[in-house]
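One structure is given here, and the rest of the page talks about it.
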Amino acid sequence: MLDQAEVMRETIGAATERVEAVMDELDEERRRGELNVQKVLAFMLPRVDAARAAGEEAGARKAEAALLQAEARREVEVQRTAAFWLARVAALEEEAAA
């Protein structure tokens, strides 16, 4: 019969092997998880970059539209001012002719 110390050694040896097997499984699971994260990042990063570029382009278009709108308002104001003064000059000319 095995003595108590040998039984404990075998039990500890079996437990150590099981712990090592579980640790190996955990390491493999971690590696698979890291690989999945890398795959997701490789898939998503180009889309994020494209969305960022689209957002920047939309911002540039919005700024350009605001600039064009401001120019159009200035042009309308110039035309109103010109119409006012042309009418004023015409009225003064009529007064002078009368």
Side-chain angles (χ1 to χ4, degrees):
M1 223 183 208
L2 299 174
D3 66 353
Q4 192 174 10
E6 192 167 332
V7 170
M8 297 223 20
R9 271 192 295 274
E10 287 181 13
T11 303
I12 291 172
T16 301
E17 287 177 13
R18 181 67 185 133
V19 167
E20 288 174 357
V22 169
M23 293 299 292
D24 289 343
E25 290 173 13
L26 289 173
D27 286 342
E28 181 59 30
E29 187 64 30
R30 181 187 51 79
R31 282 190 288 270
R32 282 195 301 263
E34 288 174 354
L35 182 61
N36 286 339
V37 167
Q38 290 173 357
K39 287 178 181 178
V40 168
L41 287 175
F43 177 78
M44 292 303 294
L45 285 178
R47 284 156 181 77
V48 169
D49 290 341
R52 182 180 301 126
E56 290 171 359
E57 185 177 329
R61 286 184 189 160
K62 185 176 180 180
E64 184 179 359
L67 179 63
L68 291 173
Q69 188 176 29
E71 285 180 26
R73 287 178 180 165
R74 280 191 296 272
E75 183 63 29
V76 167
E77 191 59 35
V78 166
Q79 290 176 4
R80 284 183 184 163
T81 302
F84 170 81
W85 286 110
L86 287 173
R88 187 78 174 126
V89 167
L92 289 173
E93 287 176 344
E94 283 181 19
E95 278 181 26

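The first residue in the sequence is number 1, and the count goes up from there.
Between D49 and R52, the shortest heavy-atom contact is OD1-NH1, 3.1 Å. Across A42 and P46, no two heavy atoms sit closer than the pair O-CD, 3.1 Å.
Interatomic distance, CD of Q69 versus NZ of K62, reported as 11.0 Å (0.5 Å rounding). To the nearest 0.5 Å, atom CD1 of residue I12 and atom CE of residue M8 are 5.0 Å apart. Taking CZ of R32 as the reference point, atom CD of E28 lies at 5.0 Å (rounded to 0.5 Å). Rounded to the nearest 0.5 Å, atoms OG1 (T16) and CZ (R9) are 13.0 Å apart. Atom CG of residue N36 and atom CZ of residue R31 lie 13.5 Å apart, to the nearest 0.5 angstrom.
Both L26 and V19 are assigned to one and the same hydrophobic cluster, defined by single-linkage of ILVMFWY side chains at heavy-atom distances under 4.5 Å. A chain of hydrophobic side-chain contacts below 4.5 Å, direct or via other Ile, Leu, Val, Met, Phe, Trp or Tyr residues, connects F43 to V40.
The residues R30 and E34 are annotated as salt-bridged, a charged nitrogen and a carboxylate oxygen being separated by less than 4.0 angstrom.
Counting only heavy atoms from C-beta outward, the side chains of V76 and R73 never approach each other to under 4.5 Å.
Residues Q79 and E75 bring a donor and an acceptor atom of their side chains to less than 3.5 Å of each other.
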